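Note on naming: letters A, B, ... go to the chains in the order of the sequence lines (proteins, then strands), and numbering restarts at 1 for each one. Because the structure is predicted, anything quoted here is derived from the model rather than measured.
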Number of protein chains: 2
Amino acid sequence: MRPTVHDIAAEAGVSLATVDRVLNNRPGVRAVTRGKVEQAIATLGYVRDVAAANLAKGRGYSLNFILPAGENSFMRGLEAEVRAAKAHLASERTEITIRCVPAFDASALADALAEARRQRPAGVAVVAVDAPEVVRAVEELRQEGIAVVTLVSDLPGSTRDHFAGVDNIAAGRTAGNLMGRFLGDRAGPVAVVAGSMLVRDHRERLEGFQAVMHECFETRLLLPVVEGQDDAALVEKLVGGLIERHPDLAGIYSLGAGNRGLVAALEKAGKAEAVCAIAHELTPHSRAALLSGTIDVLLNQDAGHEIRSAIRVLKAKADGLPVIEAQERIRIDIFLKDNLPNGQA
Amino acid sequence: MRPTVHDIAAEAGVSLATVDRVLNNRPGVRAVTRGKVEQAIATLGYVRDVAAANLAKGRGYSLNFILPAGENSFMRGLEAEVRAAKAHLASERTEITIRCVPAFDASALADALAEARRQRPAGVAVVAVDAPEVVRAVEELRQEGIAVVTLVSDLPGSTRDHFAGVDNIAAGRTAGNLMGRFLGDRAGPVAVVAGSMLVRDHRERLEGFQAVMHECFETRLLLPVVEGQDDAALVEKLVGGLIERHPDLAGIYSLGAGNRGLVAALEKAGKAEAVCAIAHELTPHSRAALLSGTIDVLLNQDAGHEIRSAIRVLKAKADGLPVIEAQERIRIDIFLKDNLPNGQA
DNA sequence: CTGTTAGCGCATTCAA
DNA sequence: TTGAATGCGCTAACAG
């Protein structure tokens, strides 16, 4: 049998309450008494049963998720994952509320954060927009003792407790490495389509991509970045234009959303095979394009992992427990058509 | 407040015990009474608090891990992950014991499984050796109601509850796809070094690799497989021989262990740059070789994920709960030097 | 400063 | 077939 508080109380010759006090290092215990208890804990090898503790505390975690609204497939997938987790966690004293706010709208986001603060949840997870007012809103949450995790898009300069998302510079570098190697000696320039340079993720991916292309494939011509605003129609137009102006186009790196437009443009121009296309995020559309060969590589961040990690971290922070960073690192998945998972997405 | 058993007892006008009976569908309740309770459960939206339930049951999970002994870096990493989980789970009423048995030794493994059965754990995780006596030993565990998951290497034809490992055919295909594309038009044959064709994982990786090479890169010459027995010294000798006999060697796929030998042979022959090398499993050595450029791609299965997944599944099966397969799928990580995680390994 | 007591939400005797 | 009472391991008033 594992030792319990009773065992250590007996061993130390004190009462339960005293044991509890030193366990939760609360004040009001003489140093000697504390010593006896700690001694008993050590010799018996006591480890606290967190489940029982939480039960006694009647502790419940209320968590707030704030996501961008809109049609972005990835974000909707993210929301679906939150709902799935929500259902799953109903039996674990964890309550999740979801709130969607207009995308890329810093003041709307700051308002939503302020409102979340009024509800006094244990923690808030937010897809951040990189703006001063958002930073301020996050500070205020933190000052109330509310844990904050940024999701997918980080908020540097803030005191958020944790970032649950991928290293976008590494993602961009990976795309660059693969693009360079896949093209080999094939001639022709490479184009980059971003969503918006106002978004931090996109800036970082671009930075990583360009760095590797310049370091390792310096002879390859990189076309100026075009911005598709994560909008399929606009992306299609832009890519169509690129193909027209550069008949020898060898590759395209699409680092934002709107992949439907990318795929449409390539296929309409009969360039699905000829152009090496690397894109981000596994969605039903991008998956189909990968299988058909129009897209050659898909870089992905696993939305389910991000959500579950955010929840774990939020709970841990709310309890003042440490987080095992290595375990919470979100990987960059690289999908070829051969290692595509069978499931959803 | 979330409804509790008391609430539903009151709502249904029965006692706690009766509620408990229908909750755990135990016999001894009239259909009408049962109906009333179920009604109350539905209207109040009751969900059982599993933590409290486990506390009351005094339930504890005892889990047995059986791993191959020996110097294989990957397996030792796996063991380290089990130990880490063990420490972490001490506070969650879960006790883990580790047992190492000689590698590739079916009868030793069968014996270990039989012994595990005597300890009557809630579940057993095992790196399987594909042999009839192992299948039988697993059956016996299952018949005692002990949950069994295979780890890393599966045991088809057995009634194991789950396999916590990667799809090795897909891994081999992925290696083939990358090899073909990285080589592009470069001339020269491709060699394959396996550990042993007696091991299922290796057979499957080979199968996937060859399939893709034949389907998509049919002009590329594939050399006959050599078997290095996962032994670095032997691998070094074999690879050295391949390089001598094939001065124009373009690529090597090492689908087993012993990567130290692979790297040594390539570097001694001055072929680190010229030959495209794809290998499996991220270890300190393989990581160094990836960074130096001797290895071009590393396919990896995350040992930490596999262990944690095995534990979750074992617990769920022991409780007769369903497993969310999608959440327990172990991915094939593809590492280039640009997306290597900073942490351990 | 320290001890007593009464639950948290559920499962499980033992009676009725 | 049903109910009352007790306890799992821990925390939290409230006394002393």
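- Between B:Asp7 atom CG and C:dC8 atom P the separation is 11 Å, expressed in whole Å.
- Of all heavy-atom pairs between A:Tyr46 and A:Pro3, the closest is CD1-O, 3.4 Å.
- Comparing the end axes of the helix from C:dC1-D:dG16 to C:dA16-D:dT1, each fitted to five base pairs by superposing C1' atoms of four pairs onto the next four, gives an inter-axis angle of 40° (nearest 10 degrees).
- Within 4.0 Å (heavy atoms only), B:Val19 reaches no atom of the nucleic acid at all.
- A salt bridge is absent between A:Arg329 and A:Glu325: the closest approach of a Lys/Arg side-chain nitrogen to an acidic carboxylate oxygen does not fall below 4.0 angstrom.
- Here C:dG9 presents its P atom at 14 Å from CG of B:Leu44, a figure rounded to the nearest Å.
- When the options A:Asp302, A:Asn300, A:Asp333 are evaluated for a side chain to side chain contact (heavy atoms under 4.5 Å, CB included) with A:Leu282, the one that passes is A:Asn300.
- Annotation: side chain of B:Thr43 is in contact with side chain of B:Glu11 (closest heavy-atom distance under 4.5 Å).
- Across all strands, A:Gly28 comes closer than 4.0 Å to base atoms (heavy-atom distances).
- Considering all non-hydrogen atoms of both residues, B:Pro27 and B:Arg21 come closest at O-CD, 4.1 Å.
- Per the geometry, NZ belonging to A:Lys36 stands 13 Å off C1' belonging to C:dG3, to the nearest Å.
- Looking at B:Thr94, its side chain does come within 3.5 Å of a backbone N or O of B:Glu92 through a donor-acceptor pair.
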Tabulate atom names and distances for all N/O pairs under 3.5 angstrom spanning the protein and nucleotides 10-12 of chain C.
{"from": "C:dC10", "atom 1": "OP1", "to": "B:Tyr46", "atom 2": "OH", "distance (Å)": "2.4"}
{"from": "C:dC10", "atom 1": "OP1", "to": "B:Asp49", "atom 2": "N", "distance (Å)": "3.1"}
{"from": "C:dC10", "atom 1": "OP2", "to": "B:Val5", "atom 2": "N", "distance (Å)": "2.7"}
{"from": "C:dA11", "atom 1": "OP1", "to": "B:Arg48", "atom 2": "NH1", "distance (Å)": "2.5"}
{"from": "C:dA11", "atom 1": "OP2", "to": "B:Asp20", "atom 2": "OD1", "distance (Å)": "2.7"}
{"from": "C:dA11", "atom 1": "O5'", "to": "B:Asp20", "atom 2": "OD1", "distance (Å)": "3.4"}
{"from": "C:dT12", "atom 1": "OP2", "to": "B:Arg26", "atom 2": "NH1", "distance (Å)": "3.0"}

Hey, mind stepping through A:Ile311 and A:Ile96 against side chain to side chain contact (heavy atoms under 4.5 Å, CB included) and telling me if it holds?
CA-CA 9 Å; A:Ile311 293 171; A:Ile96 294 181; 3.7 Å; yes
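- An OP1 or OP2 oxygen of C:dG3 is reached within less than 4.0 angstrom by a side-chain nitrogen or oxygen of A:Thr18.
- In this structure, A:Leu55 places its CG atom 11 Å from P of D:dT11, rounding to the nearest Å.
- The residue A:Arg34 sits apart from the nucleic acid: no heavy atom pair falls under 4.0 Å.
- In summary, A:Asp7 and A:Arg2 do not engage in a salt bridge, as defined by a charged side-chain N under 4.0 Å from a carboxylate O.
- The side-chain hydrogen bond (donor to acceptor under 3.5 Å, both in side chains) analysis of residues 135-147 of chain A, with sequence neighbours excluded, yields the pairs A:Arg117-A:Glu140, A:Arg117-A:Glu144, A:Arg120-A:Glu144, A:Glu139-A:Thr159, A:Arg142-A:Asp161.
- Picking from D:dG3, D:dC8, D:dT2 the nucleotide with the shortest atom distance to the side chain of B:Thr33 gives D:dT2.
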